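Single-structure report; data block below.
Remember, predicted model here, so these are calculated numbers, not experimental data. Just so you know, ligand 1 is whichever comes first in the structure, and atom 1 is the first atom listed for that ligand. Side chains included, hydrogens not; waters and symmetry mates left out as well; all remaining heavy atoms used.
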Amino acid sequence: MQPPADGTLRVLHLSDTHLTGDGALHQGAVDTTGALESVLARVDGVPGFGLVVVSGDVSEDGTPESYAAVLERVGGWAERHGAALVAVPGNHDLREGFRQVLANGHVLGEGGRPLAHTMEYHPPTVPVWGQSLVSGRRVVTVDTSVPGAGYGEISDASLDRLRGALAEEHAPYGTIVVLHHPPLPAPTALHEALRLRNTESLADVIRGTDVRVVLAGHYHHHFAGSLAGVPVLVAPGVANDTEVTGAYDEEAASISSGALVVDVARDGSVWSTPVRVLRPDADRLAFTFDADTVDRIIEASTRP
Ligand SMILES: [Fe+2]
């Protein structure tokens, strides 16, 4: 692949790794550890990464072991490439296990150097929050997870912190926001029910600021859109790929993994290159849910 232009920050955008602590197959079908390793191997020869992002559903089961497995693989890869590493929780993550291993999610700083964190106890009701500076960009992670639910919501406290971070001294080349639930419509009824609920509040906070791009996940398929004039990129899932052309009220996914290579120039221009890992040996479908099953899942994941 073409090296990043001078002064451009190249980001490896991973999402929905869904690693399990005991190596159990995701939805009985996918070895997610193997899927993650194959994605990392696929992009190993791409030059010039400065930042690796995991935009949520880092873990399937929330166990410290699952986060340690991600840290070993993605952390090791980022260090070897001299890239920073940040992660943010998604609806499958558990804040306790996440914090135990990944602290506030800002694991490696510029050049792949470990970031020091003071160990602070936060109850799981407190959203994870982190920000760091990578190659002149402010990288802010916003926790959209709602404990016990599948949909996303940014708490008032997190919106205030984001507003505060964006009001601080101008980052030389702008801000990158990383979150799990995309502030975009979803392709299927299930994902629509589990989408970010207060998209407008996020739009109000980022409108007119130096935010250059919002990196998200959750939909397990690559989408591009915009919010308040800011590009929003949704990375394909590492775990599987949502079937977007089927009936709206049904849900299915194929066994396929991918990632985005996102270049962010100093002037805020964004260029995204999707990368797929072909698995011709795998069964095509990871899972399929009929409309009744989707209804039951929505009911269980949106209960207050
Ligand atoms: Fe996911």
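- Other members of the hydrophobic cluster containing Leu233, listed by chain and number, are Leu9, Val11, Leu51, Val53, Val86, Val88, Val134, Val139, Ile176, Val178, Val213, Leu215, Leu260, Val262, Val264, Val270; membership follows side-chain contacts under 4.5 Å among ILVMFWY residues, whether direct or relayed.
- No side-chain donor-acceptor contact under 3.5 Å links Asn198 to the backbone of Ser201.
- Under the 3.5 Å distance criterion, the side-chain polar atoms of Asp93 are matched with a main-chain donor or acceptor of Ser59.
- Around the Fe ion (ligand 1), the protein atoms of type N, O or S that sit closer than 2.8 Å are Asp16 OD1, His18 NE2, Asp57 OD2, His220 NE2.
- Checking His218, His181, Glu153 one by one against Thr144, the side chain to side chain donor-acceptor pair (under 3.5 Å) holds for a single residue, His181.
- Listed by chain and number, the hydrophobic cluster partners of Leu94 come to none, as no ILVMFWY side chain reaches under 4.5 Å of it.
- Here Leu184 sits in one hydrophobic cluster together with Trp129, Val140, Val142, Ile154, Leu159, Leu162, Leu166, Val177, Leu179, Leu196, Leu202, Val205, Ile206, Val211, Val214, Tyr219, Phe223, Leu227, Val230, Val232, Val234, Val244; the rule is ILVMFWY side chains under 4.5 Å apart, joined directly or through other members.
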